[in-house]
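Along the sequence shown, the residues carry numbers beginning at 1. Heavy-atom basis, side chains included; hydrogens, waters and symmetry copies ignored.
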Amino acid sequence: MGAKRLFVIGLAFLMVACSNQPKVIQEPRSMVLEFFSVKEETRPIFNQLIADFEQRYPDIQINQVVVPNGMSVLKTRIARGDAPDLFISYPLEQDYITRAQKGYLLELSHEMFLDRIQPTIQQRYSINGNMYGAAFTQNAVGVLYNKVHFNQLNLAIPSTWGEWIEAMEILKKAGKQPLVMANKDANQTSVLSLNFVANAFPPSYWKSPLYLQNDPAWQEINAKVETLLSYAQPESFSMGYSDANKAFAYGEGSMYVTGTWALPMIEKLKPDLDYGVFPVPVSDSPDENRVLGGVDVGISISSDTEHPKAAKLFLAFLAEQENAQSLSLYEGSISTIMGVQKTKKSLEMLEKKVQDGEAVNWPNHYWAGGTAAETEYRLLTQQYFYDRDKITYMKKLEDMLRKYASRDDGEKK
């Protein structure tokens with residue numbers, strides 16, 4: 001028998017043998033839902049939580065989508081009838097209120113998992129007694145400080161505006177960079193400025209006619225902001241958010257005003273960084289230095305979803321203590337789920353303020369205009385940080401707030 005014939009016969013036997021092997025077929029999941037997020041920093045932990053969820057519910061698939069300028073993209077998608085099944089949603093904001101009132105959001109009022117959420121925070125989602133979203137974490141803004149730099153100069157943690165400026169003077173004279181700022185990113189300029197705005201004005205302020213240009217409170221805010229700018233690094237307007245995180249992580253700056261959402265990225269850059277966080281001292285009265293923050297991870301369900309039960313199962317899954325603990329531990333924000341243990345020692349001062357009721361919500365959540373107004377505020381504030389023209393800034397800001405207050409927002413049209 002020739003070698004060629006033997007080869008052919010052997011190949012035939014091999015093909016028959018292979019054909020008798022059971023075929024492994026990956027069954028498609030019966031339900032696929034889109035979770036639209038605006039938070040790049042939580043992408044990894046949600047990927048893990050989604051994997052755990054899909055293991056428990058094999059017939060449900062959750063696709064996480066994270067895009068730049070996410071809130072504007074989300075607004076456009078909802079307006080054109082292409083709403084994701086689940087999406088990040090912030091209570092009190094005009095966008096959320098409009099979507100709830102126009103029937104774009106699924107009502108969650110009677111869902112059992114809402115009972116696991118701190119009532120004072122979850123209540124922010126209430127509209128006419130109904131809930132259209134669930135709060136999972138609360139963010140907070142503070143001053144990150146390098147403990148090594150502070151210990152080298154025997155600096156105490158500032159609790160007043162005067163002490164904060166004094167600390168920056170000492171750091172500057174010692175050759176340290178007192179303050180890191182990411183002024184290239186408009187979003188980051190508002191994180192700083194809104195600490196002062198939120199502490200100066202109650203929510204009711206934004207419902208009345210606004211006259212900003214000659215208001216002493218606004219003049220004081222601008223003066224303090226300009227003082228802080230004088231301690232920022234010279235290249236702050238070419239430094240973005242990621243650059244600022246790196247600068248602080250590697251000790252190129254002694255302090256950095258940012259939110260709890262930045263902590264995972266900073267710790268990933270420098271796991272052994274010895275740092276702490278203290279409340280932003282916007283005034284000389286420690287009791288008046290309330291912590292700025294709001295719902296950080298809050299999620300709503302589209303009323304158009306084809307899989308409402310599956311979407312609710314995902315929210316219920318996130319509200320379980322173990323999963324809520326994982327989210328809080330990774331992200332650094334304060335969990336809203338009752339029974340979750342504190343996860344970061346560095347946040348003790350902020351958490352105490354929040355628990356004692358010494359906290360203020362993001363003021364832009366009370367503005368007419370929703371995302372559009374927030375975006376415009378950030379751009380105007382970034383320009384003001386650059387040119388320090390407070391007269392033009394106040395006029396444009398007043399015009400902007402009145403404009404949105406006097407007309408329907410795009411989503412209402």
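D215 and Q219 share no side-chain donor-acceptor pair at under 3.5 Å. A donor atom on one side chain and an acceptor atom on the other are not found under 3.5 Å apart for S335 and S328. Side-chain contact of S230 with E226: a donor-acceptor pair under 3.5 Å is absent, judged by distance alone. In the model, Q61 has a side-chain atom that pairs as donor or acceptor with a side-chain atom of N63 under 3.5 Å. There is no side-chain donor-acceptor pair under 3.5 Å between Y366 and Q94.
Scored by the salt bridge (Lys or Arg N to Asp or Glu O under 4.0 Å) test, K396 finds no partners at all (sequence neighbours excluded). Shown here are the salt bridge (Lys or Arg N to Asp or Glu O under 4.0 Å) partners of E40, two or more places apart in sequence or in another chain: R43. Contacts of D287 classified as salt bridge (Lys or Arg N to Asp or Glu O under 4.0 Å), with partners at least two apart in sequence or in another chain: none.
Side-chain rings of Y384 and Y393 approach one another, their centers coming within less than 6.0 Å. When ring centroids are compared, F314 and F53 come within the 6.0 Å threshold. Checked against a 6.0 Å centroid threshold, the rings of W362 and Y90 do not count as neighbours. Aromatic ring centres of Y145 and F278: separated by under 6.0 Å. Between Y132 and Y125, the ring center distance fails the sub-6.0 Å criterion.
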Sequence neighbours excluded and cut-off under 3.5 Å, please list the side-chain donor-acceptor pairs for residues 173-182, or say none.
residue, atom, partner, partner atom, Å
K176, NZ, Q152, OE1, 3.1
Q177, NE2, L179, O, 3.0
Q177, NE2, Y231, O, 2.8

Using distance only, find each side-chain donor-acceptor pair of residues 251-266 under 3.5 Å and give its atom names and separation, not counting sequence neighbours.
residue, atom, partner, partner atom, Å
S254, OG, H149, ND1, 2.8
Y256, OH, N245, OD1, 2.9
T260, OG1, A140, N, 3.4
T260, OG1, S333, OG, 2.9
W261, NE1, Y241, OH, 3.4

Check residues 200-209 and write down every donor-acceptor pair under 3.5 Å in which the side-chain atom is one partner and the other belongs to a residue at least two apart or another chain.
residue, atom, partner, partner atom, Å
Y205, OH, W218, NE1, 3.0
S208, OG, Y205, O, 2.9

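Side-chain atoms of R290 come within 3.5 Å of backbone N or O of N199 as a donor-acceptor pair. Between the side chain of R116 and the main chain of M338, no donor-acceptor pair closer than 3.5 Å is present.
Note: Q122 CD to T336 OG1 = 7.5 Å, rounded to the nearest 0.5 Å.
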